[in-house]
Protein chains: 2
Amino acid sequence: MVLRRAEEQTRAEGVRLTPVRRRTLEILLESHRAMGAYEVLEKLAADGYGKQPPVAYRALEFLVEQGFAHRIQRLNAYAACLSPERNHAPVFLICRSCEQVAEADASALRGALQDLAARSEFTPERITVELLGLCARCSAEAAA
Amino acid sequence: MVLRRAEEQTRAEGVRLTPVRRRTLEILLESHRAMGAYEVLEKLAADGYGKQPPVAYRALEFLVEQGFAHRIQRLNAYAACLSPERNHAPVFLICRSCEQVAEADASALRGALQDLAARSEFTPERITVELLGLCARCSAEAAA
DNA sequence: GGTCATTTTGTTACAGTATCACAAATATTC
DNA sequence: GAATATTTGTGATACTGTAACAAAATGACC
């Protein structure tokens with residue numbers, strides 16, 4: 001069970017699975033859905049915890065750091081498409097330092113993703129593959 | 001050249017690459033980065049176009065529809081991790097109808113992604129793979 | 001060219017998402 | 001139990017995105 005494992009792991013790591021944090025994990029587990037931070041916040045507030053956004057954001061951040069939860073990504077930024085063939089599914093290489101975005105071709109991944117979706121009887125409509133990290137130049141600078 | 005191709009394609013499709021839309025594409029092309037909608041808006045406003053968010057959002061939406069730009073995804077929702085081993089890189093199967101999130105294992109993709117990153121001399125730190133679509137139940141309901 | 005329907009642009013107003021800065025409370029260490 | 005560090009809570013505010021509607025531009029038709 002996930003909660004039990006979380007308790008053990010936090011004890012082992014010397015970090016604290018405090019009541020808010022624990023309750024936040026429970027909320028995510030109970031819903032089985034992707035939840036917005038404000039949705040989590042409402043439930044925390046209903047249980048007597050703080051009512052302000054940072055309460056939820058901090059607990060969620062902790063869970064993500066510890067690997068107990070994931071941050072599901074959604075829309076926020078735009079980049080021109082450099083190879084505008086119809087229906088291409090690019091991989092984005094996003095540099096977190098200079099914010100340059102490179103596109104690479106995802107066709108090698110496509111087959112694997114289709115298989116995976118088929119095994120779960122899932123019908124994919126939009127595929128998102130992003131690598132966040134450092135581009136060649138910035139990682140050279142970081143090393144210098 | 002991307003702009004020229006966009007002109008031809010829009011003419012062929014019978015849609016209009018109006019001045020704002022064209023300028024928006026130029027702005028994205030000039031920056032070579034992922035730009036937020038408000039950043040684009042500032043530049044549009046400086047060029048004498050509208051100053052309100054919808055101006056940028058609409059132009060960007062058009063470009064994405066036509067395949068001239070991509071929407072880069074960012075943080076918005078959270079889900080509990082069901083297999084909290086350290087360093088696992090899950091694929092998310094997100095149902096756009098019921099919002100359930102399933103995790104599948106991405107290890108099959110990992111190799112391909114590493115290769116791809118290596119070829120671009122890119123150092124990945126965080127990998128995001130998401131499939132947005134319909135889960136088995138919702139797609140059955142949609143068919144009914 | 002003038003009229004009509006359609007599309008596009010612009011604005012106001014507002015909803016949703018996220019962070020900063022600081023105070024109060026709680027644990028941990030010695 | 002006093003000192004320190006961590007965590008929680010609050011108010012204020014910034015950033016991101018959308019709804020609704022009016023004005024302007026475009027295209028089709030006569």
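Here is the naming used below: chain letters follow the sequence lines, and residue numbers restart at 1 for every chain. Values below: every heavy atom of this structure, side chains too, minus hydrogens, waters and symmetry copies.
Set against dT10(D), dT16(D), dA18(C), the side chain of P54(A) has dT10(D) as its closest nucleotide.
Among all heavy-atom pairs drawn from V55(B) and G50(B), the shortest one is CG2-CA, 3.9 Å. Here the closest heavy-atom approach between residue C95(A) and residue L134(A) is recorded as SG-CA, 4.0 Å. Shown here for T10(B) and F62(B), the closest heavy-atom pair between the two residues is CG2-CZ, 4.3 Å. Considering all non-hydrogen atoms of both residues, A117(B) and L131(A) come closest at CB-CD1, 4.0 Å. Minimum interatomic distance between A56(A) and L44(A) (heavy atoms only, all atoms of both residues): CA-CD1, 4.2 Å.
E61(A) places its CD atom 12 Å from the P atom of dA18(C), with the value rounded to the nearest Å. Distance, L44(A) CG to dG9(D) P: 9 Å, rounded to whole Å. Atom-to-atom, CG of L41(A) to P of dA18(C) comes out at 12 Å; the value is rounded to the nearest Å. In this structure, Y57(A) atom OH and dT8(D) atom P are separated by 17 Å, rounded to whole Å. A straight line from NZ of K51(B) to C1' of dA13(C) spans 18 Å, rounded to a whole angstrom. Across the protein-nucleic acid pair, E39(B) atom CD and dT16(D) atom P stand 9 Å apart, rounded to whole Å.
A donor-acceptor pair is defined here as one N or O able to donate and one able to accept, closer than 3.5 Å; such a pair exists between the side chain of R21(A) and the backbone of R16(A).
End-to-end axis angle of the helix from dG1(C)-dC30(D) to dC30(C)-dG1(D), using five pairs per end and rounding to 10°, comes to 30°.
Side-chain atoms of Y38(A) and base atoms of dA18(C) include a donor and an acceptor less than 3.5 Å apart.
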Under 3.5 Å, which protein N or O atoms sit close to an N or O of nucleotides 7-9 of chain C? Give each pair with its distance.
residue	atom	partner	partner atom	Å
dT8(C)	OP1	R21(B)	NH1	3.4
dT9(C)	OP1	T18(B)	OG1	2.4

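A 6.0 Å sphere centred on CD of Q114(B) holds more than 12 heavy atoms belonging to other residues, nucleotides or ligands.
Annotation: side-chain contact (heavy atoms from CB on, under 4.5 Å) contacts of P54(A) (sequence neighbours excluded): Q52(A), R58(A).
Distances shorter than 4.0 Å separate none of the side-chain N or O atoms of Q52(A) from OP1 or OP2 on dG9(D).
A salt bridge does not link R11(A) to E8(A): none of the charged nitrogens lies less than 4.0 Å from a carboxylate oxygen.
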